[in-house]
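Keep in mind that the numbers below use all heavy atoms, side chains included, and drop hydrogens, waters and symmetry copies. Naming: A, B, ... by sequence-line order, numbering from 1 per chain.
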4 protein chains.
Amino acid sequence: MTGEKKLTRREREKLRQKEEILDAALDLFCERGFQNVSMLEIAKKSEFAVGTLYKFFNDKEDLYRTLMLEQSNKFHEALNKAINETDNEIDKLKNFVKTKSRIFMENAKLIRLYFAETKGASYNIKAGLDKEIRDRHKKFLERIAKIFESGIKKGIFKNIAEPYHLAIALDGICNAFLFSWLENPEKNKFMEEGNYQFILNILFKGLINE
Amino acid sequence: MTGEKKLTRREREKLRQKEEILDAALDLFCERGFQNVSMLEIAKKSEFAVGTLYKFFNDKEDLYRTLMLEQSNKFHEALNKAINETDNEIDKLKNFVKTKSRIFMENAKLIRLYFAETKGASYNIKAGLDKEIRDRHKKFLERIAKIFESGIKKGIFKNIAEPYHLAIALDGICNAFLFSWLENPEKNKFMEEGNYQFILNILFKGLINE
Amino acid sequence: MTGEKKLTRREREKLRQKEEILDAALDLFCERGFQNVSMLEIAKKSEFAVGTLYKFFNDKEDLYRTLMLEQSNKFHEALNKAINETDNEIDKLKNFVKTKSRIFMENAKLIRLYFAETKGASYNIKAGLDKEIRDRHKKFLERIAKIFESGIKKGIFKNIAEPYHLAIALDGICNAFLFSWLENPEKNKFMEEGNYQFILNILFKGLINE
Amino acid sequence: MTGEKKLTRREREKLRQKEEILDAALDLFCERGFQNVSMLEIAKKSEFAVGTLYKFFNDKEDLYRTLMLEQSNKFHEALNKAINETDNEIDKLKNFVKTKSRIFMENAKLIRLYFAETKGASYNIKAGLDKEIRDRHKKFLERIAKIFESGIKKGIFKNIAEPYHLAIALDGICNAFLFSWLENPEKNKFMEEGNYQFILNILFKGLINE
DNA sequence: TATGAATGAGCGTTCATTCAT
DNA sequence: GATGAATGAACGCTCATTCAT
C-alpha cells in the first residue's frame, strides 16, 4: 500500500506538528492529569499558539483521546511484535511478560493515566475513549488466549481453564506485580534480565504439564 | 465501651446529616468523577445549602477524601471479616474471593473510582489519599500472605512462591476477572453461588499439594 | 439627673453584656479592620451566640458604628477634661497636646482605624458614621479655637491668624508628629514627660528671621 | 533614550487598555473603596470581560496596588517638580503648598483612599502597599527638610526646630487645612490664587507675643 | 430569651474556546 | 493559515443574617 505514504510536503509537515503537540501534551498529562493541564500550557510547551491546537484537534478531549489511542497503539504494537517473534508458546508468553514489564517501567506515569481511563473510571471523555481502549485490550487478550489454546492442543499446557480465562489471569497477575513494583523504590532491579520470569512461574507451576 | 455510643440527639442528627451528604456525593462522584461534580450539585442532591456542606467538610477534597476512606473502610471490614470467619486456609481464600466479588458487583461504579485513585493516577487530592488507601491495601495483602504462609507450613499449599507474591497474584487475578465481568452484560450470572470458585482454581491447580 | 441611673438589674446586665461584645469587637477590628472580621469571630471572642449579637445591634455596621462612637466619646471626654483643667491658655494647649499624644500612643491601632474612617475614606458604613465623628471633631476644634481667641484677647498670643485656623493648624501638627512617631520603633521615648512640648514650640516660635 | 518610546502598535494598545481598566477602577475604588468594588464591576465599567482584567493584573490586589502606586507617582512627580522650579527656599515651600493644595482639590476622593491606606489602617493589601507609599512620603519629607536646612544656613529661617520636624509640621498643617476645606462646600474659593499662602503664614510668623 | 445551624447571594478566579487580525 | 487577545460561564468558598428550637 504505497498510497498511504504519498503525503505532500505540506501534509508531512502537519503530521510532524501534530506529533509535537501530542508530545508536549503527553508530558503534561502524565505529570498532572487531564483536568489539571490547560490548553494554554500545551500551547506554550509545544510552542504553538492556542488557536493552532484547535486546527489539529476539535477540543481538549479530542487531543487527549488521540494521545491515549496513539500510546495504546504503540503499546499494542510492541506487545503483538513480542508474541509473534517466536512460534514456541512458552517463549511467546515469556516475551509478552517481558515486554509488558518493560512498557510499564518505561512509561510508569502514562500507565497510571491509562489505567485511570480503563480499569478506573473515565470521566474525562464524553464519548467512550475507555470503550475503544478496552475493546482493543480485549482483542489482545484473545490473541494471548490463542497461545494458551494452541499450547493446550500441543500438550504443552494442562487444560486447567478456558484459554481466555487463562489470558485474563496472566494479564491480571502481571498488572498486580507491575503495580506493586511501581510503588517499590527498588523497582529498577526487577527489570534485570530474568527477574520477571517468576510472574510466569505462579501460573506455570499448576499449568505446565511435566 | 458503651459510652462511645452515648451521643446526644444533636450529635446523632449531625452524623445522620453528614451521611446524607456523603450519600449524595457518592452517587454523583461515582457517576461523574471528582472534577465533574460541583459542590452546588452535591448541595442540591443532598437538599442542603452549599454553606452547610462546609460546616461538615473543610473543602471539596475533604468531602471526597472522607467519602473514599469511609468506603474503603467498609470494604476492608467486610474482607477482614471474610478471612476471619474460618480457620481453614482454603476456606479463608474462598471467602475472600467470594466477598471481594460481591463488593465489586454491588459497588461497580465506586470500584472504578477507587481504582482511578489507587491503581490509576490520582491528581485530585493534594495530600495523599491514594497513598493512604494503597497502604491499607498493602496491609490487607499481608494478611492474605499470612494465610498462604500458614497453609504452606501446614502442608496444604506447595511452596511455589513467597506468600506475599501469592497474595499479590491472587488479588491480581481477582481484579482481572472482576473487571472482565463488570464489562460483561451478563455479569450477574457470575455471582451465582460457586461460580467465582474458578478464580481460585487457576491459582490452586499449581498450588495445591495433592 | 439621677433618673438616668435608675436601671433595673436586667438593664444593667444587658449594658454589661453589650460592653463585653464591644470590647471583643474592638480588639478584632483594630487587628484586622472592619471587613476582615466576621460576626462569628466576634461572637466566639465575646462568648455569646451569633444570634445574640443581633439582639444588641441591628447589623455588623451598627455594631461598628456604636463601637467607634463610643471610642470617639472616650477620647473627646479626655480631651475636653484636659482643656478644662486650667484657666491658663498656654497650659490648656499643653494639656491638649499631652493628652492627645497619650491617646495616640495608647490606642495606636484604633487611631489608625479611626483615621481611616474620618480623614481617610469610610466605605464601611452606609450612613455617615464619618460625618458624625467629623462633626464632633469640628466642635472640639471650635473649643480649641476659643482658647486661641481668648489668648489673643488677653495679649498672650499674637493675632497671626483666625483662631479656628490656628486650631486646625495645631491639630494638624499634632497628627503629623504623632503618626510619624507611630511609625518610629522608638516611639515610647517620645512619651517621656516634656518631650511632646516641642510640638507646641513650632507653632509658638516665629519662624521667619526678620 | 528615544528607544524606550519605541513601542509596537500592539504594546501601545495594551498600555492604553491597561489605563482604561485603571481609570474605571479608580472611579469605583474612590467611590466605594477596595472591598466594596467587585472585579465584575470593574470589568463592566471598563467594558472588558472579567477574564481580560486578569491578563493585565495578577489579582484584585495587584490591580489596586498598581493603581495606588501610579497615582502616588503622579502626585510625587508633581510635588518634586514644584520644589525644583526655583532656587529660592521660600518659593519652593510656596510651590509645594500650592501644588499639594491643587492635587488635594482635584483628586479629593482618591486622596481619601490614599489616606485610608497610609495614615489610616490598611487591611486590604497583604504585602505592604502602605509601607511602600509611606516610605516614598518619608523620602519626600526629607527633601522638604533639605529646603528648611538650606534656608536656615542662609539665614532665611530661624533655627527653631530640626529641619525634618519642620517638614513634618508643614505637611501636617497642609493636610489639616486641606481636609478642612474638602469638607467645606465652598472649597473651590480656597484655590483662588494666593489663598493657600496663609497656610505658610502660620508657620512663618511667630505666634507668641514676647 | 438565647442559641447556633442553616441559608444562599455574592465574591475572586480560571480556562476552554472563539474569531478578528 | 496562524495567532493570541478576549470572552464569560462556571467553579469553590465565605459569611451576614435569619429563625426554629
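- Straight-line distance from the CD1 atom of C:Ile42 to the C1' atom of F:dT17: 13 Å, rounded to whole Å.
- Nearer to the 5' terminus of DNA chain F, by closest-nucleotide assignment, is the contact made by B:Glu41 (compared with the other of B:Glu41 and C:Ser38).
- Residues B:Leu22 and B:Leu63 have side chains in contact (heavy-atom distance under 4.5 Å, counting atoms from C-beta outward).
- You'll find the ring centres of C:Phe115 and D:Phe115 outside the 6.0 Å limit.
- Look at CD on D:Gln35: it is 10 Å from P on F:dC15, rounded to the nearest Å.
- Nucleotide E:dG10 holds its P atom 14 Å from the CG atom of D:Asn36, rounded to whole Å.
- The residues A:Arg16 and A:Glu20 are annotated as salt-bridged, a charged nitrogen and a carboxylate oxygen being separated by less than 4.0 angstrom.
- Within the 4.5 Å cutoff, the side chain of D:Tyr114 has no heavy atoms near those of the D:Gln71 side chain.
- If you take CG of A:Asp62 and P of E:dT17, they are 10 Å apart, rounded to a whole angstrom.
- The shortest distance between side-chain heavy atoms of B:Phe34 and A:Gln35 does not fall below 4.5 Å.
- The aromatic rings of B:Tyr64 and B:Phe29 stand perpendicular to each other, their planes meeting at an angle above 60°, with 30° marking the opposite boundary.
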Would you list the protein and nucleotides 5-8 of chain F atom pairs, both N or O, that sit under 3.5 Å from each other?
| unit_1 | atom_1 | unit_2 | atom_2 | d |
| --- | --- | --- | --- | --- |
| F:dA6 | OP1 | D:Gln17 | OE1 | 2.9 |
| F:dA6 | OP1 | D:Gln17 | NE2 | 2.6 |
| F:dT7 | OP2 | D:Ala49 | N | 2.8 |
| F:dT7 | OP2 | D:Thr52 | OG1 | 2.8 |
| F:dG8 | N7 | D:Gly51 | N | 3.4 |
| F:dG8 | O6 | D:Gly51 | N | 3.4 |

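- A salt bridge does not link A:Glu132 with A:Arg65: every distance from a Lys NZ or Arg NE/NH1/NH2 to an Asp or Glu carboxylate oxygen is 4.0 Å or more.
- Where DNA chain E pairs in unbroken runs of 3 or more (Watson-Crick or G-U, both distances under 3.5 Å), the stems are E:2-21 with F:2-21.
- Here the P atom of nucleotide E:dC19 and the OH atom of A:Tyr54 are 13 Å apart, to the nearest Å.
- The shortest distance between side-chain heavy atoms of A:Glu70 and A:Asn73 does not fall below 4.5 Å.
- Per the geometry, CG belonging to B:Leu28 stands 15 Å off C1' belonging to F:dC11, to the nearest Å.
- The distance from atom CE of C:Met39 to atom C1' of F:dT18 is 12 Å, rounded to the nearest whole Å.
- In this structure, D:Lys60 places its NZ atom 8 Å from P of E:dT13, rounding to the nearest Å.
- Side chains of D:Lys109 and D:Leu26 form no contact here, defined as non-hydrogen atoms less than 4.5 Å apart.
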